[in-house]
Asks: 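Okay, here's the structure, questions in a sec.
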Amino acid sequence: WRTPWSYPWSFLKEPRALSAIMAVLYLSIVVLIGLPTLLVLPGTGLADHFDLSLAVLAGVPLVAGGLIAAISLWGGAWFLERGGIVLIIGGLIVRAVIIVALPYTDAVTAIGVGEVWALSLALAGRFFIIRGLDLDPREV
């Protein structure tokens, strides 16, 4: 009984190891950044509705973008992965706003914002070097 669905590894596009690592990264963004942002309101000292708005504006794009980008790796649709990356970077920028608004020391704020920007730059790099996926505009 060999069905394609019993071997999800075979659906990953080449290079499969890189695609698997990227899928794990995208899902980690969902679990470690997106969901906590949605579930725990930041205590920025602003009005509660601002905290809720910031959490939703950061968390929803992080979760949606991470899931879209991770799922796209199994089909190889470059435009879905790029769309997911754009959503993730948008959510990370709002997350940087949240970090700046939190009552942390300057050093902790600088580290948090630095982490957000480093991840954003890494994902922006991935956005421009996606190659070999089905429907890649350079491969058509």
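These numbers come from the heavy atoms of this one structure, side chains and all, not from hydrogens, waters or symmetry mates. Note that the coordinates shown come from a computational prediction; the quantities given were computed from them, not determined experimentally.
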Asks: According to a hydrophobic-cluster definition based on side-chain heavy atoms being under 4.5 Å apart (Ile, Leu, Val, Met, Phe, Trp, Tyr only), do Val24 and Leu18 belong together?
Replies: no
Asks: Decide yes or no for Tyr26 and Ile71: does some side-chain heavy atom of the first lie under 4.5 Å from some side-chain heavy atom of the second?
Replies: no
Asks: For the residue pair Ala23 and Ala70, what are the closest heavy atoms and their distance?
Replies: O-CB, 4.0 Å
Asks: What's the spacing between Leu80 CG and Ile85 CD1 if we round to 0.5 Å?
Replies: 11.0 Å
Asks: Quickly, which of Ile33, Ile68, Leu35 forms a side-chain contact (heavy atoms from CB on, under 4.5 Å) with Val63? Name it, please.
Replies: Leu35
Asks: For Ile111, enumerate each residue passing the side chain to side chain contact (heavy atoms under 4.5 Å, CB included) test, keeping only those at least two apart in sequence or located in another chain.
Replies: Glu115
Asks: Are Phe127 and Phe79 linked, directly or through other ILVMFWY residues, by side chains that come within less than 4.5 angstrom of each other?
Replies: yes
Asks: Report all side-chain donor-acceptor pairs from residues 86-103 shorter than 3.5 Å, counting only partners two or more places apart or in another chain.
Replies:
unit_1, atom_1, unit_2, atom_2, d
Arg95, NH1, Thr37, OG1, 3.4

Asks: For Leu32, give me all partners under side chain to side chain contact (heavy atoms under 4.5 Å, CB included), at least two apart in sequence or on another chain.
Replies: Ser28
Asks: Taking only residues two or more places apart in sequence or in another chain, which ones pass side chain to side chain contact (heavy atoms under 4.5 Å, CB included) with Leu121?
Replies: none
Asks: Identify, with sequence neighbours excluded, every residue that meets side chain to side chain contact (heavy atoms under 4.5 Å, CB included) alongside Ile21.
Replies: none
